[in-house]
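Written below as structure tokens is the structure these notes are about.
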Amino acid sequence: MPSAHYLPLDPQASDADDLEEEEGQQEHRTSMNNNQYNIRYHPQPAVDYDVVVDDDDNDDDRTPTMGKAPRLSRSIPSRRRCWIMPIMLLVPFCIVFLYFMLSSQTLGLGTSLEDVDDDYEPHNGIDSPNTHALNETLHICSESHEDGRLYVQDKPSSAYAQLPVIYFVTPTYPRREQIPELTRLAHSLLHVPRLHWLVANDHERCDTYMDILLNRFGIPFTHMASPMPHKFRNSKPAPRGVANRRAALQWIRQHNLTNGVLYFGDDDNTYDLRLFTEIRQTQRVSMFPVGLIADYAVSGPVVRDGKVVAFLDSWVAARRWPVDMAGFAVNLGYMSLYPNVNMPYKPGYEEDLFLRSIGLHIDQIEPRGNNCTEILVWHTQTKNKKSPVVRLEKKYLDGRSNLGALFRSLKVMGVAFASDTEGPLATISKNGKGKPHSYFLS
Ligand code: UDP
Ligand code: MN
């Protein structure tokens, strides 16, 4: 299984943070910046696709041990002791304080958040002091740069050769709806010429079933395994799809791509084919409304005289760019001018901080979808349910009926599992009447 070197995204504040404040926007900066964080990055030299971001810098300068204090005090005259004692108490306090300040930054991921953090209360969990190292891994499972489609939208694929490529980044994760979601999405993407599909699976290992599935569509693709670091798994809210998108950004960087257009397209959204025509000509950053977002069932730019002047979104939370991940596209040539491009593990703020990291200015935004009057992408959500275990004896899951192959396939897709002993008994019926399994299967 081939794997890729995975260098961490740079730990630096975005250029955008230096921009003038937008009119009417309140931002509170603190004197903290990344240079003060002293974050160490340790790309693993050996097996190479692992990156460890170690935030444990403070281990060496811990509080002096209590055991030393009495010895010190014995050898020092009592007048000096009276100021040494407060200092001894103060030093550990300062160290602990400093440690907490350092850890409160999203570990090792750079972008200065202080100017957007005022309303950050609901998400503090993820930034709380955490001594575990952050491990990010990226495996390239399989890829194809060949377009296996002879025809796209009634024209030979070759007719589109001059078009810029759209790099469509899809974070996905194993659950019973995964294969259906990807199948549906693939059937939309099949109609889109000059598209490279980056499917980044939030999973430790490469999923061979997914390789087969992606190969079958004929869409040029890269399948990678890019699991969410362990420390975020139980966070509420968790940074959903962030490790995956970061891995895709890493892949783009490693391939030095400076032509084409980047778009983040979740596996459960609904895409109008006109979206792709609209985003393909993105010069810097294009934006457009996304339907079914939050309280207003829409999120997107406000446009006057062909220019983006503000944003409509029910959750502002001091975000300079209160847009959905599916509501913008970025030109790769433009993005390459910003080597510190970043998407931090900061639920709710991923879009904002990503767009800050590429120095975006409101005047530069290209409104799409007929000046943002049309919805070309919908934030549809599929109901997630646990994969069921069904009681169906193994002895009947052989070649005598279809059920053996069917349940093997459902198991591989993570949809449903058969068991001899667990789960509700599978009902097999004829003429409206359930019968024992042996009746049909033995
Ligand atoms: N996702 C992921 N790992 C997770 C949860 C979600 O990779 O643990 C992916 C998911 O497949 C989707 C994107 O991240 O493409 C956003 O997740 P979801 O659609 O669940 O979030 P929403 O924005 O709809 O609330
Ligand atoms: Mn979704």
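First listed ligand is number 1; within each ligand, the first listed atom is number 1. Keep in mind that this is a model prediction, so the values were computed, not measured.
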Between Tyr349 and Trp315, does a ring pair (Phe, Tyr, Trp, His ring centres under 6.0 Å) hold up when you go through it step by step? CA-CA 11 Å; Tyr349 290 87; Trp315 190 69; 5.4 Å; yes

Please test Phe221 against His145 for ring pair (Phe, Tyr, Trp, His ring centres under 6.0 Å), starting from the C-alpha separation and ending with a verdict. CA-CA 7 Å; Phe221 73 93; His145 294 274; 8.9 Å; no

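Salt bridge annotation for Glu366-Arg284: absent, with no cationic side-chain nitrogen under 4.0 angstrom from a carboxylate oxygen. Classification of Asp266 and Arg245 as a salt-bridged pair holds, one side-chain N sitting under 4.0 Å from a carboxylate O.
Aromatic rings from Phe328 and Tyr263 are positioned such that their centres are separated by 6.0 Å or more.
The ring pair (Phe, Tyr, Trp, His ring centres under 6.0 Å) test applied to Tyr173 returns no partner, not counting sequence neighbours.
For Asp268, the N, O or S atom with the smallest separation from the Mn ion (ligand 2) is OD2.
The contact shell of ligand 1, taken as protein residues with any non-hydrogen atom closer than 4.0 angstrom, comprises Pro171, Thr172, Tyr173, Arg175, Asp202, Met228, Arg240, Gly241, Asn244, Arg245, Asp266, Asp267, Asp268, His379, Gln381.
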